Amino acid sequence: MVVVAILAAGRGTRMKSNLPKVLHSLGGRSLVERVIESVKPLAPSRQMLIVGYQGEEVKTAMQSLPHLEFVEQTVQLGTGHAIQQLLPHLQGYSGDVLVLNGDVPLLRTETLNNLLQTHQEKQNAATILTAYLPDPQGYGRVFCNGENVVQQIVEEKDCTAAQRQNRRINAGVYCFRWQDLAQVLPLLQANNAQQEYYLTDAVTQVTPVMAVDVADYQEILGINDRLQLATAYEILQQRIKEAWMRAGVTLIDPASITIDETVQLNPDVIIEPQTHLRGNTVIESGCRIGPGSLIENSHISENTTIQFSVVTDSTIKDGSRVGPYAHLRGHAEVGAGCRIGNFVELKNTQLGDRTNVAHLSYLGDTTTGTKVNIGAGTITANYDGVKKHPTKIGDRTKTGSNSVLVAPITLGDDVYVAAGSTVTEDVPDNSLVIARQRQVVKEGWKSKQS
Ligand code: UD1
Ligand code: CA
């Protein structure tokens with residue numbers, strides 16, 4: 001049985017932010033959400049989040065997460081003081097407590113499992129996660145004997161110059177036998193450089209206590225400032241991109257591409273440079289996306305190409321070509337084999353298969369049939385200043401260049417709209433509509449001016 005406690009009450013001074021540190025976003029999810037996510041597979045019996053600095057904001061942000069208990073630390077007197085706040089809540093509890101820092105967001109569940117297992121097998125009173133860092137600056141240093149028995153944890157600010165040379169650091173992830181920890185917590189003293197009650201002091205007051213090294217030190221990166229936040233993002237991206245490349249996706253110039261964890265790709269997708277895939281996006285096999293595109297919460301079916309375009313909350317069916325410089329948004333649905341060209345915006349618009357909107361158009365709240373051709377510069381006037389109105393266009397209809405379709409309006413099947421028309425009334429099937437002044441030519445007009 002394990003109870004999880006996550007420390008999230010600190011100020012996060014080094015972030016220099018109005019937002020509580022643990023709510024800062026890392027690839028679309030807050031730091032603390034990621035920590036909570038990493039313990040989920042352990043099926044803890046209770047999950048307790050210790051909140052304090054801007055606690056209301058943290059609670060509000062975490063409200064939707066089930067089974068999370070909030071424990072208040074009204075003044076922030078250090079990590080040991082934070083864990084002291086659990087005492088009234090865990091009275092009589094006889095299992096283990098897994099303590100995590102809310103600002104260590106890249107931990108893998110396997111690592112936590114391994115820590116727990118070692119802790120239970122060895123029947124330790126405390127087991128802590130450690131790592132050897134190339135640059136241990138800012139972390140507490142861990143000193144062990146030859147058997148990995150922890151003898152001392154010294155915070156960087158309390159280190160002597162010699163102690164600072166130790167590259168083995170405390171990851172801020174601990175497993176405690178609660179009964180043992182509960183006995184020493186009230187004895188903590190704040191006689192250190194930061195005048196804080198350190199949880200690390202409690203570690204060495206119980207026995208036996210052991211350190212377990214993490215295999216990949218990148219997992220335990222703590223986020224204290226914006227530089228570390230950026231580094232964590234890079235690590236996260238590296239993990240995601242490596243996994244997709246191994247799964248058969250081509251990334252051209254991977255460093256310039258970003259992909260959210262929530263995105264799903266398929267083998268033989270090619271992602272070109274400067275492309276960003278976000279949210280619940282799915283890209284099917286044979287698609288070529290980019291260069292220079294942003295795709296968010298969209299489903300792109302097989303063999304579609306998208307260049308220099310922005311696509312949000314939309315779907316595109318097989319074999320369509322989009323861009324350069326198209327903008328699809330607000331539930332645009334593009335059929336199969338369509339062509340959406342340069343400077344075209346589609347909003348809440350459904351296009352039938354093999355429809356072309358090739359140049360300089362805005363279609364809003366529009367539904368078209370199949371094989372429609374929208375001429376260059378065709379605009380739907382869908383907004384009267386108060387309400388949005390729909391436009392319906394039948395199969396095989398063609399609009400001439402620079403036509404304006406004033407909604408609400410319906411054009412039937414096989415309609416032709418003359419170039420430059422402003423169409424305000426419905427047009428039946430098989431018609432030609434001309435809605436503009438007839439051309440007037442005044443011959444010899446110039447020579448009559450003197
Ligand atoms: C802590 C460890 C350090 C370790 C590092 C790993 C201590 C004394 N030091 O240092 O050994 O190498 O983490 O990242 O524990 N918090 C509270 N209440 C408080 C103070 C902090 O809830 O009163 C929370 C913070 O919100 C944060 C976590 O505890 O999530 C760690 O606090 P932080 O101040 O970042 O500790 P570090 O100096 O990084
Ligand atoms: Ca920290």
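Residues: numbered from 1 along the sequence shown. This one's a predicted model, so the numbers in the text were calculated from it and none came from an experiment.
- At least one side-chain heavy atom of Ile259 sits less than 4.5 Å from a side-chain heavy atom of Trp244.
- We find that Glu56 and Lys59 are joined by a salt bridge, their nearest charged nitrogen and carboxylate oxygen being less than 4.0 Å apart.
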Audit row: Asp96, Gln120, side chain to side chain donor-acceptor pair (under 3.5 Å) steps and yes/no: CA-CA 9 Å; Asp96 293 318; Gln120 285 163 355; 3.2 Å; yes
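- Looking at heavy atoms from C-beta onward, His389 lies in side-chain contact with Asp384 at the 4.5 angstrom threshold.
- How far CG of Leu363 is from CG of Asn348: 11.5 Å, rounded to the nearest 0.5 Å.
- Using a 4.5 Å heavy-atom cutoff, the side chains of His81 and Glu196 are not in contact.
- To the nearest 0.5 Å, atoms OG (Ser298) and CD1 (Ile283) are separated by 8.5 Å.
- Rounding to the nearest 0.5 Å places CG of Leu31 at 6.5 Å from CE of Met15.
- Minimum interatomic distance between Ser361 and Thr378 (heavy atoms only, all atoms of both residues): OG-O, 3.0 Å.
- Among all heavy-atom pairs drawn from Ser25 and Leu229, the shortest one is O-CD1, 4.0 Å.
- To the nearest 0.5 angstrom, His359 atom NE2 is 7.0 Å from Asn342 atom CG.
- Between the CG atom of Asn356 and the OG atom of Ser320 there is a distance of 9.5 Å, given to the nearest 0.5 Å.
- Here Asp313 does not pair with Arg329 in a salt bridge; the nearest charged N to carboxylate O distance is not below 4.0 Å.
- A salt bridge between Arg239 and Glu219 is absent, with no side-chain N of the basic residue lying under 4.0 Å from a carboxylate O of the acidic one.
- Asp365 pairs in a side-chain hydrogen bond (donor to acceptor under 3.5 Å, both in side chains) with only one of the listed residues (Thr349, Asn382, Thr380), which is Asn382.
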